[in-house]
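This report concerns only the one structure given below.
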Amino acid sequence: MSEKESKNSPQAPEKGGLSRRGFLGASAMTGAAVAATAFGSAVMTRESWAAAVKDAQQKIHVAPGELDDYYGFWSGGHQGEVRVIGVPSMRELMRIPVFNVDSATGWGLTNESKHIMGESAKFQNGDCHHPHISMTDGKYDGKYLFINDKANSRVARIRLDIMKCDKMLTVPNVQAIHGLRLQKVPHTKYVFANAEFVIPHPNDGKNFDLQSKDSYTMFNAIDAEKMEMAFQVIVDGNLDNTDADYTGKYAAATCYNSEKAYDLGGMMRNERDWVVVFNIERIEAAIKAGKFTTIGDSKVPVVDGREGSELTRYIPVPKNPHGCNTSSDGKYFIANGKLSPTVTMIEIAKLDDLFAGKLKEPRDVVAAEPELGLGPLHTTFDGRGNAYTTLFIDSQVVKWNMADAVRAYQGEKVNYIKQKLDVQYQPGHLHASLTETSEADGKWLIALCKFSKDRFLPTGPLHPENDQLIDISGDEMKLVHDGPTYAEPHDCILARRDQIKTRKIWERNDPYFAPTVAMAKKDGINLETDNKVIRDGKKVRVYMTSMAPTYGITEFNVKQGDEVTVTITNIDQIEDVSHGFVMVNHGASMEISPQQTSSITFIADKPGLHWYYCSWFCHALHMEMVGRMLVEPA
Ligand code: CUK
Ligand code: CUA
Ligand code: CA
């Protein structure tokens, strides 16, 4: 990457006698000046550089005690969580464990979280890429955030009122859920999820031939409210990214492995791959009419959407496309070229004719194929007719005008490229504020760069990534902030702060811990008042309350080998007074926030005295919030 580095590394003003490294030392706001150099004068004066830095600082400064304008939800990539980040300050507000195990909250350890994870709780890893917020009439309704797990083929839902994962589903009959988007209109009835890899069916070890007709992957629709499978669609080739339109009729997905190859060379053999468009109405009608099959013991309706099907259309695009983005004006599905320097704009208004057989060939729906630069991966929109595309190889974000691109495609001499901004370095996704909705407001853009190289203090061989904040409110893009992130966000989403409404304390009847409440009821326990130990053979259930700075039970007895379930109800009513429970040397840890009930089960396998303590600092006497488990030897 040395050539890239010399081309794209930001250059501080040389005439001012200040080296680039000097500037990095002087200020973290180098980005603003980078933006300025990228846009205009090759040589900045020391004064203009300083002014640009100051301007950037003001733009993102959220003073102590002030609140951000946007909620950002960042995927945690193969780390497995979702991170909540305030924009424009880029301050991390919260982490939501999803496909990982988290010792602060007890996610993956508590009975409540294991109940939500179901069978898949046995996996302690995940790989999430695409966080998306539920919508009504093409606008965020703030109810849920959905996210994929490529590693273990799952889709999870986060309830945004409590910012906890409340449902998790393993998609059957497929491998590696990658692209994920939501139906926008009339509301998010379906979560669309692409299974990336082609596998044999049945995958029983008797057939390993990917070219066989029995080898395929599927496009998946999940009922967003129930979090159950709605249907699966067999496709040709593989599936990468997806998006839905603003009529509710169509979803589209990119395919980079139309070859159904098993290696790199094979996957690049065809000059063109395709975008497959799904006709949601027709698929629903087919299923209603009973025209579907099922696979193995799965009850999920499966329809065949391969070439020749009335349910899909295949639109050839240059080889190995990646991102698939619906423009916020609802006009286009945009397939990002990756190996081709172009993006393909598919005109959604022409899809009715394509499905009705009124067009000569599928490519007749292509409205334009603008050439943007090297390695286009994803595109986002400002609601003013401009699109912004990441150029992975060029390490740039290119701003271009969609209407101009269409005019150029029709033969007019018009320059549709408005600006190219260097970013640091190698961007994957990018995301403009509210871009996935009809309310795209063109204020902020996040460029999620895969490499940070020299932008931060060194952290050993493993570097952070760099999620850069870019101001797009004016005519020029301006880079205003470098945001180091841990592996590997891939993607993020921004919502206005008024679109997300959270609870301050739990409701006692929250379904999140309903199974635990049901268990207590069977034991005749009133969770808000009772402090009792119930012995049930080798199972011991300890019920207690917590109120700063004490547990309702500070000593209980069990026998070695007992399976102990500790259930704690935090009866504090005061916002922010969360308690914890850690049983020392037993791998047990959990959060109990105000009015929450949490439970955790472990084996009391060691005789003796074992302390438990509160792990969330709740009171001046937090350290004294302790108790003892006394284990009698077997
Ligand atoms: S993918 Cu990672 S840069 Cu999973 Cu959305 Cu394109
Ligand atoms: Cu309760 Cu700390
Ligand atoms: Ca290919």
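Start at 1 and go down the list; that is how both ligands and their atoms are numbered. Both backbone and side-chain heavy atoms feed into the values below; hydrogens, waters and symmetry mates do not. Index from 1, following the sequence.
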- Item | Asn241 to ligand 1, any heavy atom closer than 4.0 Å | yes
- Would you say His490 reaches atom 2 (Cu) of ligand 1 with an N/O/S atom under 2.8 Å? yes
- Item | Candidate pair Arg154 and Asp149, rule salt bridge (Lys or Arg N to Asp or Glu O under 4.0 Å), full reasoning | CA-CA 5 Å; Arg154 291 176 288 184; Asp149 170 20; 2.8 Å; yes
- Note on the structure: Logged contact type for Lys450 with ligand 1, heavy-atom cut-off 4.0 Å, is side chain
- Query: the Ca ion (ligand 3) to Asn257: any N/O/S contact under 3.0 Å?
  - Reply: no
- Query: Looking at Tyr246, is Lys184 sitting on its ring face, NZ or CZ under 6.0 Å from the six-membered ring centre and within 45 degrees of the normal?
  - Reply: yes
- Task: May I ask you to check whether His429 brings an N, O or S atom to under 2.8 Å from atom 6 (Cu) of ligand 1?
- Result: no
- Query: Does the cation-pi check pass for Lys319 over Tyr256, that is, NZ or CZ under 6.0 Å from the six-membered ring centre and within 45° of its axis?
  - Reply: no
- Query: What are the two closest heavy atoms between Pro376 and Thr389, and how far apart are they?
  - Reply: CB-CG2, 3.7 Å
- N, O or S from Asn320 under 3.0 Å to the Ca ion (ligand 3): yes
- Query: By atom name, which N, O or S atom belonging to His378 lies closest to atom 6 (Cu) of ligand 1?
  - Reply: NE2
- Ion pair present between Glu591 and Lys164, side-chain N to carboxylate O less than 4.0 angstrom? yes
- Message: Does the Lys NZ or Arg CZ of Lys399 fall within the cation-pi geometry relative to Tyr388 - under 6.0 Å from the ring centre and within 45° of the axis?
- Response: no
- Message: Under 3.0 Å from the Ca ion (ligand 3), can any N, O or S atom of Tyr256 be found?
- Response: yes
